2 protein chains.
Amino acid sequence: MKESALCPRLSKAMELVGKRWTALIIYQLLEGPQRFNAIESALPISGRLLSERLKELEKEGIVERKVFSEVPIRVEYNLTKKGQSLEQTVREIENWAKSWL
Amino acid sequence: MKESALCPRLSKAMELVGKRWTALIIYQLLEGPQRFNAIESALPISGRLLSERLKELEKEGIVERKVFSEVPIRVEYNLTKKGQSLEQTVREIENWAKSWL
DNA sequence: GTAAGCTACTTACTTTTCGTAATCTATAAA
DNA sequence: TTTATAGATTACGAAAAGTAAGTAGCTTAC
């Protein structure tokens, strides 16, 4: 996607947070660290996309991945500081939705 | 897209505002009423998609379409109250972007 | 009177992303 | 050897986005 000349930052933010499922994944992780299956169950998202999104978010430094070498394997995801800083933003969207949808 | 059992409102809001280009179109319209070509020039969006998005936003009551039967024809788009109510939300995303991107 | 120009779309076509379901990896217990 | 579990990957058809050309209605220029 080309960048908006208007506001590159907002453009970049929307490219990231506005991507399908991303905001909902972050919203879910605001509850605390969670495993792959827990997130998958909480949202109507498929494993394929969840895996893809989590990788993107990890790459952006928004989500942290922690592997526990148990049997069976356990993997937890949690928000980094950068990820937590999105709480206000997500809440603001939520509030708007409560008032207007 | 299926609805999130977790938070249907946030889900609905993201479906709307999180759609590609939508937030940027609203951001642009916060400057005041604008014509089709003006929006198209301000953003790296194609006429095809801009037309599609404006229709969606009009249907959701976020944008108002006003036709002036001049020559050549003039069409202006502006935010409704519901649309204006998104200002805080968009600014919040912008602020986050300024701090973290 | 026909050709060209303006604005706001619309259509046809290609590329990218999404959604669903099946499959894979590693480990251990039955 | 088969089964089970968690996390992830792959294959493929469907949907959405991107690109570029075309349309409609009206005006002015030639």
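Here is how names work: the chains are called A, B, and so on, in the same order as the sequence lines, proteins then strands, and each is numbered from 1. Quantities reported herein were computed from a predicted structural model and do not represent experimental measurements.
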Next on the checklist: Does C:dC9 have its OP1 or OP2 closer than 4.0 Å to a side-chain nitrogen or oxygen of B:R65?
Outcome noted: yes
Next on the checklist: Please report the distance, rounded to the nearest Å, between CD in A:E52 and P in C:dT17.
Outcome noted: 8 Å
Item to check | Rounded interatomic separation in angstrom, taking CG from A:L43 and P from C:dC18 | outcome: 15 Å
Checklist entry - Where along residues 33-41 of chain B does a heavy atom fall under 4.0 Å from DNA chain D? => result none
Checklist outcome for this item: Separation of C:dC9 atom P from B:E56 atom CD, nearest Å, is 14 Å
Item to check | Donor-acceptor pair between A:S85 and B:W100 side chains, under 3.5 angstrom | outcome: yes
Next on the checklist: How many whole angstroms separate atom CZ of A:R20 from atom C1' of D:dA16?
Outcome noted: 8 Å
Checklist entry - Under 4.0 Å between a side-chain N or O of B:S51 and OP1 or OP2 of C:dC9? => result no
Next on the checklist: Within the 3.5 Å criterion, strictly below it, is a donor on B:Q28 or B:Q34 matched to an acceptor on the partner's side chain?
Outcome noted: yes
Checklist outcome for this item: From CG of A:L49 across to C1' of D:dA14 the rounded distance in Å is 13 Å
Checklist entry - Hey, are B:Y77 and B:E58 close enough side-chain-wise for a donor-acceptor pair under 3.5 Å? => result no
Checklist outcome for this item: Ranking A:I73 and A:K55 by the position along DNA chain D of their nearest nucleotide, the one closer to 5' is A:I73
Checklist entry - Side chains of A:L101 and B:R9: closer than 4.5 Å at any heavy-atom pair? => result no
Checklist entry - Is the phosphate of D:dT19, meaning OP1 or OP2, less than 4.0 Å from a side-chain N or O of B:S46? => result no
Next on the checklist: Would you say A:Y77 places a side-chain N or O within less than 4.0 Å of OP1 or OP2 belonging to D:dA8?
Outcome noted: yes
Checklist entry - Taking atom P of C:dT17 as reference, at what distance in whole Å does atom CH2 of A:W21 sit? => result 18 Å
Next on the checklist: Quiz question: going by heavy-atom distance under 3.5 Å, is there a donor-acceptor pair between the base of D:dA17 and the side chain of B:R48?
Outcome noted: yes
Checklist entry - Looking at D:dG7, does its base get a donor-acceptor pair with the side chain of A:R74 below 3.5 Å? => result no
Item to check | Student check: side-chain heavy atoms of A:K19 and A:E56 closer than 4.5 Å | outcome: yes
Item to check | A:I45 CD1 - C:dT20 P separation (whole Å) | outcome: 11 Å
Item to check | Between P of D:dG7 and CZ of A:F68, the distance in whole Å | outcome: 11 Å
